[in-house]
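One structure is given below, encoded as structure tokens.
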Amino acid sequence: MPRLPALPALCATAALLAACQTPPAAAPGHVTDGAAIVAAADWDAMETVTVELAEHSFTPSVLRLRAGKPYRIQLRNVGEKDHYYTAPEFFRAVAWRKLMVARQAEIKVDYVNAAEVLARRGQLDLFLVPVRKGSYLVVCTIDDHREHGMEGTIVVE
Ligand SMILES: [Cu+2]
């Protein structure tokens with residue numbers, strides 16, 4: 001019979017096993033019935049809205065959306081630098097269908113925290129249904145971009 005490992009090693013192994021066997025938890029505050037909301041949405045009635053990212057702005061700076069309506073939010077970087085679209089509170093308040101890199105990739109997700117759109121015509125499309133009404137902050141977290149104006153609002157009505 002093999003010797004038992006020392007107690008700390010045994011605990012570490014047990015903790016790893018427990019972590020492996022626990023299904024991933026939703027992010028705190030995240031919409032948990034997103035899959036059902038996405039399945040029930042009328043995607044033929046989806047509205048496409050475009051947000052342009054540049055030095056140093058989001059255009060429009062106030063994005064108005066309606067709760068319960070499916071959207072494709074096209075994030076287009078029309079600038080010369082990479083930019084983030086970081087809106088964790090908003091991203092938690094929506095039901096996610098997918099992310100799409102135009103004509104290149106499609107990613108199914110349950111939750112997103114931030115999205116980086118690369119310089120010179122990078123584009124990322126967010127397919128989602130806003131669920132919770134409210135006013136949410138969006139910022140670019142790169143260097144001093146926020147101080148220079150990369151701060152906006154997403155309003156869900
Ligand atoms: Cu930026």
Side-chain angles (χ1 to χ4, degrees), residues 15-16 19-20 22-157:
L16 270 176
C20 291
T22 304
H30 173 228
V31 168
T32 51
D33 51 351
I37 292 167
V38 165
D42 178 7
W43 289 95
D44 290 337
M46 177 184 80
E47 186 179 334
T48 297
V49 295
T50 300
V51 178
E52 290 190 339
L53 293 73
E55 295 80 39
H56 289 95
S57 59
F58 298 113
T59 306
S61 62
V62 179
L63 185 64
R64 292 186 178 278
L65 307 173
R66 290 212 343 254
K69 185 179 161 73
Y71 287 94
R72 168 171 56 197
I73 301 175
Q74 290 191 325
L75 302 178
R76 286 191 185 155
N77 189 335
V78 297
E80 298 295 315
K81 299 177 184 173
D82 299 341
H83 295 294
Y84 263 93
Y85 196 79
T86 301
E89 296 299 325
F90 171 69
F91 288 165
R92 273 196 283 271
V94 307
W96 286 97
R97 181 180 173 197
K98 62 182 177 181
L99 307 179
M100 197 172 214
V101 180
R103 292 172 303 281
Q104 292 185 47
E106 200 173 274
I107 305 144
K108 308 287 189 199
V109 292
D110 291 328
Y111 174 64
V112 171
N113 188 52
E116 185 173 19
V117 189
L118 302 185
R120 300 180 198 93
R121 298 282 153 201
Q123 182 179 318
L124 181 67
D125 293 355
L126 317 177
F127 292 75
L128 53 81
V129 180
V131 175
R132 290 190 211 118
K133 295 177 181 178
S135 182
Y136 304 94
L137 179 70
V138 55
V139 299
C140 176
T141 51
I142 294 178
D143 300 334
D144 56 357
H145 292 191
R146 180 178 180 178
E147 289 69 37
H148 282 94
M150 293 199 77
E151 192 176 285
T153 308
I154 304 164
V155 180
V156 177
E157 295 163 316

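The chain is numbered in sequence order, starting from 1. Just so you know, these numbers come straight off a predicted model, no measurement behind them. When a ligand or atom number is given, it counts from 1 through the structure's own listing order.
Counted by atom type alone, Thr59 and Glu52 present zero donor-acceptor pairs between their side chains at under 3.5 Å.
The shortest side-chain heavy-atom distance between Leu63 and Thr153 does not fall under the 4.5 Å cut-off.
Taking the six-membered ring for Trp and the full ring otherwise, Tyr136 and Phe91 have centroids separated by 6.0 Å or more.
Rounding to 10°, one obtains 100° for the angle at the Cu ion (ligand 1) between ND1 (His83) and ND1 (His145). For the pair SG of Cys140 and SD of Met150, the angle at the Cu ion (ligand 1) is about 110°; rounding is to 10 degrees.
Because the distance cut-off is set at 2.8 Å, His56 fails to qualify as a neighbour of the Cu ion (ligand 1), as none of its N, O or S atoms comes that close.
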Between Glu55 and His83, does a side chain to side chain donor-acceptor pair (under 3.5 Å) hold up when you go through it step by step? CA-CA 9 Å; Glu55 295 80 39; His83 295 294; 2.8 Å; yes
